[in-house]
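The shown structure was predicted, so the numbers you read here are calculated from the model rather than taken from an experiment. Chain A is the first sequence line, chain B the second, and so forth, proteins listed ahead of strands; every chain is numbered from 1.
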Amino acid sequence: MHFNLEYNNIYYMVITDALTQAVAAALKSLYGIEQEAGSIQLQDTRKEFAGDYTLVVFPYVKQARKSPEAVGSEIGEEVKKNLAEVSGYNVVKGFLNFEIADAYWLRFVGERAGESRFGLVDAGKDDIPVVVEYSSPNTNKPLHLGHIRNNLLGWSVSRLLEATGANVKKVNLVNDRGIHICKSMLAWQRYGGGETPESSGMKGDHLVGKYYVEFDKHYKEEVKHLMESGVEEEQAKKEAPIMQEAQAMLKRWEEGDAEVRALWEKMNGWVYKGFDETYARLGVGFDKIYYESNTYLLGKELVQKGLDMGVLFRKEDGSVWCDLTADGLDQKLLLRRDGTSVYMTQDLGTALLRHKDFGAERLIYVVGNEQDYHFKVLKLILGKLGFEWADKVYHLSYGMVELPSGKMKSREGTVVDADDLIDEMEKTAEEMSRERGKNDELTPEEQQHLYHILALGALKYFILKVDPTKNMLFNPAESIDFNGNTGPFIQYTHARIRSIVRKAGEWKVDNWNVAMNEKERGVVKILHALPATLQQAAAAYSPAMVANYAYDLAKAFNSFYQDTPILKEENAEVKQMRIALCQFVANALKNTMDILGIEVPERM
RNA sequence: GGCUCUGUAGCUCAGCUGGAUAGAGCAACUGCCUUCUAAGCAGUAGGUCCUGCGUUCGAGUCGCAGCAGGGUCACCA
């Protein structure tokens, strides 16, 4: 029997698939063991041993009734006989290490190095869309570091899904109504003296945020006064006049009061202008923006449907609930006794709206893990309401960004402001670049652009390299690094490679018949794993896996670059192969960083 | 208290569906720029993988219990 390497219809010829098939056949012919090729696990051979891929034979020794060493040798021999690309094997204890012939790697580089999109799958424009919601800010205060993580994750996961073939629609649901914005409005009305972004020179979202803080200051004072005059705290918080007035303003807003609406539109307008600026600096965007002022009444007809279906019930006071006790949860309110809806009701409505707007089934919500319970319930209720796409709703639950002092709290002023942080990063990037003095020949515009992409590269990589599900720590006292496992390290590696490739000029692919060194093989094997890595990362919704991949690749390349001549190589064939390898790595770095939303420079 | 997530080097983090002697970066210490970009490379030092029991040929990874920390359990969003 002989195994031919075939083109996997999506990507490229895959030696690992051929190997597992050959192993499965060997298991059968040698020991009569039936094992599907797909369920055979190969792992990368550890670098202290010779070989490329390793099969652990322990699972088979019992049935084979032989020692692990014997089983390893027999399978190794059989596979080597049948698979030309296997140039050798060795057995250490129960580990069978396959060695892959250089010819395979050379062919792989020759065929793929010039592909600008190796490992990426073209997005199916006609496929059923996947809707990713992210960002979803409140309009009463500017964005902070927590929002940055959300935005970067949302953007990057969207890119990641696109890179693996999905038709992604990015949406934002702006929370533009409610008591929080009324607080800012009221405080501005009372204490603002007509201040505007233009008159103050303040960014609109920051200006509105300033009055949100202003409200809180007066509110606390009033509560304190009331408590001093003997009112209980609970009561005082409700009775504080400024709070009552904010509530009244909300009511007027809901009634459509012209004056309140005008003020609301004016101040929200300031905020949007500010947000747009921050989004642009972060390099994120949306296909559609929803506003809660338009959607907050949605969901009520769904509640009626649920009542008709008998999956919801009405209590004596008129409130409507969903009983989730059978699912191990509580009862969940969907309509208050006055008939008004709650957050969950709107979210049910907007889910359906989105399903209709895009014909989407997969809805992905990039929302912090403090809302795990909410989304569990949302999914359950959608299911009970009979939507078969409910099980395709996915909450991408990410951990919060903590400071050394603990959680960020906007009202306590312990937040890291998004704009300030980006400013800071750009300043640092500029300083570091000037110190090195490598970019003096660039135009001032090119320099500014470089500082920007380096700053954002550092920031984005810092945040995205961490597993999304985990909380992460940010220490403002220690600025984000530009050395080591960082975005600029990878950007630098790319710039360096591009420099070589530019100097090399045209390169062509021949049927290289040369020997590879360990460093070259190390780089090629990482490139080879790119498609599978992207698949895994997409399945896990984890840009972190992409970030770590890019780092491993850059690291391996730098190690190769350090002690292997490329342009100075005298053997023309070897030189061509190395240039191709360089181009290949540059493409892979560019594409993986692009998934992270990070631009890579041509020089730096 | 119920539910849930997390615990790996001094610090920040990797460790894919269990596999060989647990890996990076930062910080500390050594070397390497007249040679393709030193934002780099090579090396030294640093670990009871929170604890215990269990499953397994094999556990950082799976199960149970405990300890510590976060989140959440609103007619808020």
Side-chain angles (χ1 to χ4, degrees), chain A residues 39 41 43-46 48-49 54 56-59 61-62 68 92-95 97 136 138 175 177-180 292 296 315 317 319-321 328-330 333-338 340-344 346-347 368-374 376 397 399-400 402 404 406-407 429 432-433 435-436 438 454 458 462 465-467 469-475 478 481-493 495-501 503-504 532-533 536-537 539-540 542 544-545 547-548 551-552 554-555 558-569 578-579 582 603-604:
Chain A
S39 64
Q41 298 294 326
Q43 48 191 288
D44 295 342
T45 302
R46 298 181 62 110
E48 54 267 42
F49 301 97
T54 296
V56 182
V57 302
F58 289 115
V61 298
K62 211 170 198 173
V92 183
K93 294 196 277 183
F95 299 87
N97 304 316
S136 307
N138 290 348
N175 186 358
R177 63 162 287 279
I179 191 70
H180 56 274
E292 277 200 17
Y296 80 109
K315 284 193 179 174
D317 64 3
S319 58
V320 178
W321 299 72
L329 304 174
D330 292 329
L333 178 92
L334 291 177
L335 284 184
R336 299 187 183 99
R337 57 173 167 254
D338 64 4
T340 56
S341 57
V342 294
Y343 181 44
M344 181 63 69
Q346 309 173 34
D347 255 12
N369 62 11
E370 66 235 337
Q371 295 199 38
D372 284 355
Y373 181 80
H374 174 80
K376 214 168 174 179
S397 164
M400 52 188 50
E402 288 171 333
K407 197 179 169 180
M432 304 203 68
S433 276
E435 263 172 38
R436 290 174 173 79
K438 292 181 185 176
L454 292 179
F462 178 83
K465 76 170 173 179
V466 180
D467 181 341
T469 64
K470 292 187 178 172
N471 288 353
M472 62 176 295
L473 190 104
F474 176 79
N475 189 346
E478 302 165 12
D481 240 301
F482 283 66
N483 297 314
N485 187 358
T486 66
F489 167 85
I490 298 166
Q491 290 170 315
Y492 173 69
T493 305
R496 230 181 186 188
I497 299 173
R498 289 296 305 151
S499 166
I500 292 173
V501 174
K503 285 176 187 161
T533 302
Q536 269 180 16
S542 175
M545 291 172 73
N548 286 313
Y551 176 67
D552 287 342
K555 182 102 181 126
N558 282 328
S559 179
F560 153 75
Y561 170 90
Q562 190 67 24
D563 49 30
T564 312
I566 299 164
L567 298 177
K568 279 177 291 182
E569 169 61 40
R578 287 184 182 153
I579 293 167
C582 285
R603 55 194 93 217
M604 69 183 262

[atom1] atoms of [N] and [M], separation to the nearest Å:
N      : M      : atom1 : result
B:rA42 : B:rU4  : P     : 45 Å
B:rU21 : B:rC67 : C1'   : 30 Å
B:rU61 : B:rG19 : C1'   : 11 Å
B:rG43 : B:rC49 : C1'   : 25 Å
B:rG10 : B:rU51 : P     : 13 Å
B:rA24 : B:rC41 : P     : 12 Å
B:rG47 : B:rA9  : C1'   : 6 Å

Interatomic distance where [atom1] belongs to [X] and [atom2] belongs to [N] [whole Å]:
X        : N      : atom1 : atom2 : result
A:Asp563 : B:rC32 : CG    : C1'   : 12 Å
A:Lys465 : B:rG23 : NZ    : P     : 19 Å
A:Lys503 : B:rU35 : NZ    : P     : 12 Å

Contact class for [X] (heavy atom, under 4.0 Å): base, sugar-phosphate, or nothing?
X        : answer
A:Leu473 : sugar-phosphate
A:Tyr343 : base
A:Asn475 : nothing
A:Gln491 : nothing
A:Met545 : nothing
A:Thr486 : nothing
A:Leu335 : nothing
A:Thr564 : base
A:Val342 : sugar-phosphate
A:Gln41  : base
A:Ser433 : base
A:Pro565 : base
A:Glu370 : sugar-phosphate
A:Lys470 : sugar-phosphate

Under 4.0 Å between a side-chain N or O of [X] and OP1 or OP2 of [N]?
X        : N      : result
A:Asn485 : B:rC13 : no
A:Tyr373 : B:rU72 : no
A:Arg436 : B:rA39 : yes

Please tell me which of A:Ala554 and A:Ile566 maps to the more 5' nucleotide of RNA chain B, matching each residue to the nucleotide holding its nearest heavy atom. A:Ile566
Base of B:rG19 and ring of A:Phe58 stacked, centres under 5.5 Å, planes under 30°: yes
Going by ring centres under 5.5 Å and near-parallel planes (under 30°), is A:Tyr551 stacked on B:rA24? no
Does B:rC16 have a Watson-Crick or wobble mate here (both distances under 3.5 Å), and if so which one? none
Within the structure provided, determine whether A:Ile500 and A:Leu567 are in side-chain contact (heavy-atom separation under 4.5 Å). yes
Hey, are the side chains of A:Lys465 and A:Tyr551 touching, using non-hydrogen atoms and a 4.5 Å cut-off? no
Look at the side chain of A:Asp330 against the base of B:rA74 and say whether a donor-acceptor pair falls under 3.5 Å; ignore hydrogens and angles. no
B:rA42 base / A:Ser559 side chain donor-acceptor hit below 3.5 Å: no
Using the side-chain heavy atoms of A:Asn548, tell me which of these nucleotides is nearest: B:rA39, B:rA14, B:rU21. B:rA14
Checking A:Thr486 against A:Asp481: is there a side-chain donor and acceptor pair closer than 3.5 Å? no
